[in-house]
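Below, all heavy atoms of this structure are taken into account, side chains as well, without hydrogens, waters or symmetry copies. By convention here, the first residue in the shown sequence is residue 1.
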Amino acid sequence: MCDRALQDEPVRVMIPSTWRIEYGAGEVGAFFLAGRRICALNVDADETIRLSFTCRVCRLALRRHAASLDRLRARIDPSQIPSPIDSIEADKETWEKQMFMTLPGNNPPLSTTDFVAFDQGNSNPKHIRVATWNLPNSAQLARECEIPLAVVVQPFADLDPREEPVPLVNCGPSGPARCAQCRGYINPWCTWVAGGSRWKCNLCSHETEVSHEYFSNLDANFMRLDHASRPELNKGTVDFCVESDEYWAPPPLPKVAPTYFTPEPPPSAPRKPVPLHYLFALDTSTSAVESGFLQSVCTTLLNVLYGGTTTDGLTFEPCFPPGCKIGILTFDQTLHFYNLSADLPQVHQLIMADLEEIFLPLRDGLFVDPWESRTVVENLIGTLAERYSQTAIRESCLGGALVAGLASLAGRGGHVVTFQCTMPTIGPGALEPLTDESHVYGTDKERTLFIPRVQTWRDIAEECSDEGIGVSIFLGMNRAIDLGSIGIVASITGGDLFFHPRYNPARDQIVLASQLQRLVMRTAGYSCVMRLRCSHGLRVSKYYGNFQERSPTDLAFGVLDSDKAVSALIEHSRTLDELQYAYLQCAVLYTSVDGQRRVRTCNLALQVSSLAGTVFRFADMDAVVCHLARDSMASLSARRMAQIREELTDKCSSILLGYRRNCAAATAPTQLIIPEAFRALPIYVLAITKTKPLKGRNVSADVRNYYARKILSMGVRNTMQHLYPRLLALHDLDDLAAFPDPTTGQMYFPTLMRDSHMFMEGNGVYLIDNEEFMIFWVGASVSPQILLDLFGVHDIVALDPNNMTELPILDTRLSQQVQYILGYRYSQRGRVPKMLVVRQNMDGMEIEFSDMLVEDQNNGAMSYLDYLCLVHKQISVALTNGGTLSGGASLRGSPW
């Protein structure tokens, strides 16, 4: 330590974005270099700091460090650094004009490209992606390359309308052909032997006898004669219809302490598949009534069930799945059950005040067909808001409502959709008001923000998953609700969280309605079990996502839908043969919405290589980035955020270092060499550190938990577009942009921009979209004509961001172009994101826009240019000193 202190002689310097600032008591802050506290600081309003150095040696070390970074930064032209937009636009140019054939040996299009794939035996990349499409042949090569061998599976992903739908195969009462040893399903990569009387499993090489009804002779190429008419032998993704009761969901094991009371004995028979049952549970406390949340939910629910009329007089059809049944439950400090039988003149209400021993007070009439009981259901939902308009009850027993949902759906499965406005303070899982959370940041207690404070919530979640019940929660709270506790119920059961803080009906009802419509319309299954099988030499080491891990091999979901993905990390168990393919098969056993038990299989054959160059050439950055994001979110409950951010940087540098050492060893250490496949990896890793769960600035625990759970379940495409939002200049659109071509009918969309203010103009209008928010940024010097064409006003002061929830439809070219762009994006994701309009230097929500510009210095993290310098310096030090970046802290103390 330095022992000679200076007199107070402050020095004014600009804050370098690469410095790490830690805050302590008795001063505004302190600067640490290589773990040593070298100066105190005070931050001025103009973003400068006054530093009081501990000694002259520290002052000299700091200046040398800053000068070295400045020299490194000066060599790089910001406009020449790798841009994800270049890769995205080049990939669109290539693959939006031709079809992608899925046979092994090709790099698939990026997930952000609207490509059309033809299934040739390998599943569509929309369903399954891997970190590299040429697997390393050994664990040693995998370690040297440093690429995590991740698999991301989205089994129910929405396909392009131009693509073939997933075929449904009915193999009769005996079900699909399965391997007698590993229980893998028949697929295009199996081979036929003994004249077609046996088939050889591609996963375990075991030969299984072919049943009499499935037998077919072989041709001269050892292919079955009926090969072309069997989808399961041609397509990588197939749905098998399974009628046998051996595929039905088994009953859960009896509980030592049951969550709810029932006089009936525990079921011993498997659950017979039936159409999906929905239970809508509505919070009727004062918070829900006064905020307008209850009224919005009732209006939206009626529109979903029976259709309605828009404000423009246009009618729209109902979107509730036919054949499904619904139940209604309301709750405050008591539970309110409703008999919805069609033969009743009006609904019968049963109130349960005892929350200690919850039971089901009725069976008949609890779930009904919404069309058969339309009069009763409409009268109930239409009068709920008025019925509770004078309530004075502030408490809410969300835990009791979920237990009631569990009791009502036990033995058949289903989906509980809950609407909640306040923290549950009574009943099962009752929570105490939260204390100030700011004191835990930067300490080991930080991880407690991401785990339930009461074990009851995890118990309810696991019981719901065991019974095949999914839970989705719509939140419209005005204060903290402890999402770290209640959110685990949605995560473990495979459900959704929908976040509407400070709910405002005028602003949020459109979004809430589209979310509920998407929830009931998308492809989904319930009572799901997933297993990922690998061929010899590979095994799954870990899973990531929102599910219940019943065993090391099986994942259980109450519900699983087209917006959810699961990832896995695979590893080598032995050396692979380069002359043979490696195989993966994901199988999901589920009950469809219409009550049919099915198995969806996604198959993949991958080439194997012993050359690091080939592994990097066929790498899939989208899958790697998605895995890194999920791994970071999953680590929040175990490690501090600062550690996770450091580890992300280490992993990014390790991948690029692996390429330098194995594929570009002859280049000088001072050169920054990035492989083509990972051109944009540093900016995406930096974007992960800037997400709301990991960002350094003050963010509430509820917001962190919401985004962490959301990212854990996102598909690859949504993850990439959330991390690097799409930025578009609306004031500079080409005249033909976004209009359909009169000859082909295809639409040409404008090129995206890089996410940085350096490429923006003060006289422009920009649209940025991160899948959660869609923000229109209006420059202070924008042309009045653009304002008139797009918003229908002449002056920027006349714009009212608080009341603008939809873009006005105007008879101008610019308005039509933007409407086409928005309509296309709505059709891609199937829902409406939250829309904001912000004016430069006038609206507080501009901070949300600036935080999405991930290439800039924001979110408590450095700019892209500085981050690239940091990664470059890490790699240079490792190359010069011969160290490693993965799995150790040997380089963490180095001065960056």
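More than 12 heavy-atom neighbours from other residues, nucleotides or ligands sit within 6.0 angstrom of CZ on R574. Counting non-hydrogen atoms of other residues, nucleotides and ligands closer than 6.0 Å to CZ of R479 gives a total of 12 or fewer. Residue K255 places its NZ atom among more than 12 non-hydrogen atoms of other residues, nucleotides or ligands, all under 6.0 Å distant.
Between H722 and Y707, the ring-plane angle classifies as parallel under the 30° and 60° cut-offs. In this structure, F547 and F557 have perpendicular ring planes: the angle between them is above 60°, well past the 30° mark.
With sequence neighbours left out, S396 forms a side-chain contact (heavy atoms from CB on, under 4.5 Å) with D283, F331, Q420, T422.
Looking only at atom types and distance, the side chain of Q874 has a donor-acceptor partner in the side chain of S653 under 3.5 Å away. Between N858 and S850, the side chains place no donor N or O within less than 3.5 Å of an acceptor N or O (distance only, hydrogens not considered). S562 and R522 share no side-chain donor-acceptor pair at under 3.5 Å.
Using a 4.0 Å cut-off between charged side-chain N and carboxylate O, R831 and D563 make no salt bridge. Using a cut-off of 4.0 Å between Lys/Arg side-chain N and Asp/Glu carboxylate O, R661 and E144 are scored as not salt-bridged.
A ring-centre distance under 6.0 Å is not found for H415 and Y526.
Separation of atoms CD (E549) and OG (S465) is listed at 11.5 Å; rounding is to 0.5 Å.
Among Y706, F474, F773, the one residue that satisfies the ring pair (Phe, Tyr, Trp, His ring centres under 6.0 Å) test with F499 is Y706.
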Where do E855 and K690 land on the salt bridge (Lys or Arg N to Asp or Glu O under 4.0 Å) test, with the steps shown first? CA-CA 10 Å; E855 292 196 24; K690 292 186 176 186; over 6 Å; no

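In terms of heavy-atom proximity, D702 sits nearest to D482 at OD1-N, 3.2 Å.
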